[in-house]
2 protein chains.
Amino acid sequence: MTSDKDNTITGKITRALADRIIAGHIAPGSKLRQDHFAEEFGASHVPVREAFRRLEAQGLVVSEPRRGVRVASFDIAEVREVAEMRASLEVLALRHAAPHLTTAILDEAEAINRAGENAADVRAWEETNRAFHRLILTPCGMPRLLTTIDDLHAASARFLFSGFRMEWGAPTDQDHRAILKALRDRQFDVAAATLARHVKWIGAKPGAKPRLKTLS
Amino acid sequence: MTSDKDNTITGKITRALADRIIAGHIAPGSKLRQDHFAEEFGASHVPVREAFRRLEAQGLVVSEPRRGVRVASFDIAEVREVAEMRASLEVLALRHAAPHLTTAILDEAEAINRAGENAADVRAWEETNRAFHRLILTPCGMPRLLTTIDDLHAASARFLFSGFRMEWGAPTDQDHRAILKALRDRQFDVAAATLARHVKWIGAKPGAKPRLKTLS
DNA sequence: GTTCTTAAAATTATAGATAAAAACGAATCT
DNA sequence: AGATTCGTTTTTATCTATAATTTTAAGAAC
């Protein structure tokens, strides 16, 4: 989260490109030409370059000096890496958020969870999934941790959208329910363990086709 | 960790500014004026702006649109936050690195540790401390995790250098030795637990003067 | 047919210039 | 006296233009 509302052109380009990359609209490894996007957004290439730097820091693009930037490609190893990082950090966040979780928050989380079960497509489901995690983790009051988790969520979502269509929904929502129940019962260790397993499961899914190329 | 060797002007400015901010040469909250640094580095302000975006992602500066960037200020809460994140992530890295740790690596780590005991000043000690951690964690083979840890190390170092002069050295090096011993004995859980305590200790140090202002 | 060299085209990286927004200060009004 | 408004000045954000570097392609030599 770079800023509250970033009305600057750089911010708009950053968000637009991030959305496209995450949605898989632009294939991994594609060259991103600054003039192209400058023309598309009706801007010069200077803000485009600044947007590239932000995306680079987010891990969505890789930049080779004097050679331009490409959409970051990821293999199954990196997906697992992101999943493990998420597991560690979300558990940390949950530990600190747990004491501040009110019944109202848990009720809202349950509502989001129910909405996720009826999600029409992967995109909508991912939206509610992210909302769920964000809701129960935000009370930890650790902004740097939350932004790092957000970046990891983006990477996860990218994988989720990229070509591989697995059966999504049921199992994870069961996990969500189990987490909420443990939180209501004040069994924080159980909640944390369930959360860790839940997050890692995404990366360890055997059904994932490893047809993603690694070019670096 | 933007690139291997970043000969571009943006890279040079980024490193120079990061060093100064970490070393405490520029006070937290100070405005960073792009023209000023453009002139100092004999460059235009475009690469300066790109450097700002990188530093922003690293958490070293905060940027308000149309208002410029300021050196990020940090209070004791954020120091603890960074310490906890480091603890979680370094433990994760160590768990994956442990199986690949050779005797040669551990010997080198011990040599670095010895060098750290004779460090003349805080700066030199931090250098060896970072080298130690990096050496035993790199074999995990998780690049994203390692760069995130590097960023957290930078934040930690910033706190270490900022005004507060505590007795450094002895206790942490004992921790380092304990970690190495546990690794040699293949007691990975002990090593991980010691590492976590060691990292958190930095942030929890009661001797730290909380005279750092938070302006946000 | 392959490979090396060389030239041309495309693209990146930076500089210089312009417009717009915010900070600062002075003068005026209450 | 204090507050407020208006204008000046500083600084940011962006655009246009230029230099340098890489990639592409063509042609010649082997």
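The structure displayed is predicted, hence computed values, not measured ones. Each chain gets a letter, A, B and so on, in the order its sequence line appears, and its residues count up from 1.
Residues A/Glu81 and B/Pro143 meet the side-chain proximity criterion, which asks for heavy atoms closer than 4.5 Å. The shortest distance between side-chain heavy atoms of B/Phe41 and B/Lys12 does not fall below 4.5 Å.
Between B/Arg33 and A/Arg66, the residue anchored closer to the 5' end of DNA chain D is B/Arg33, taking for each the nucleotide with the nearest heavy atom.
Looking at residues 38-48 of chain A, you'll see A/Gly42, A/Ala43, A/Ser44, A/His45, A/Val46, A/Pro47 sit with a heavy atom under 4.0 Å from some atom of DNA chain D.
Applying the ring pair (Phe, Tyr, Trp, His ring centres under 6.0 Å) rule to B/Phe132 yields the partners B/His176; only residues at least two apart in sequence or on another chain are considered.
Residue B/Arg67 is classed as a sugar-phosphate contact, given heavy-atom separations below 4.0 Å to backbone atoms only.
Ring to ring, A/His198 and A/His133 are close: their centroids are under 6.0 angstrom apart.
Defined by atom type and a distance below 3.5 Å, a donor-acceptor pair is missing between the side-chain atoms of A/Thr8 and B/Arg66.
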I'd like a table of donor-acceptor pairs (distance under 3.5 Å, sequence neighbours excluded) in which one partner is a side-chain atom from residues 19-29 of chain B, with atom names and distances.
| unit_1 | atom_1 | unit_2 | atom_2 | d |
| --- | --- | --- | --- | --- |
| B/Arg20 | NH1 | B/Glu40 | OE2 | 3.1 |
| B/Arg20 | NH2 | B/Glu40 | OE2 | 2.3 |

Could you pull out every donor-acceptor pair under 3.5 Å between side chains of residues 91-101 of chain B and any protein atom, sequence neighbours left out?
| unit_1 | atom_1 | unit_2 | atom_2 | d |
| --- | --- | --- | --- | --- |
| B/Arg95 | NH2 | B/Asp189 | OD1 | 3.4 |
| B/His96 | NE2 | A/Glu84 | OE1 | 3.4 |
| B/His96 | NE2 | A/Glu84 | OE2 | 3.1 |
| B/His100 | ND1 | B/His96 | O | 3.3 |
| B/His100 | ND1 | B/Pro139 | O | 3.4 |

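In summary, contact between chain B and DNA chain D, defined as any nucleotide atom under 4.0 Å from a heavy atom of the protein, begins and ends at D/dT11 to D/dT14 in the 5' to 3' direction. Counting 5' to 3', DNA chain C first comes under 4.0 angstrom of a heavy atom of chain A and last does so at the ends given by C/dT11 to C/dT14.
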Inset, instruction - List the steps, then state whether side-chain hydrogen bond (donor to acceptor under 3.5 Å, both in side chains) holds for B/His153 with B/Glu90. - result: CA-CA 11 Å; B/His153 262 275; B/Glu90 293 202 23; 3.0 Å; yes
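No more than 12 heavy atoms of other residues, nucleotides or ligands lie within 6.0 Å of CZ in B/Arg33, so this atom counts as exposed by the packing criterion. Crowding of B/Glu127 atom CD: a count of heavy atoms from other residues, nucleotides or ligands under 6.0 Å not exceeding 12.
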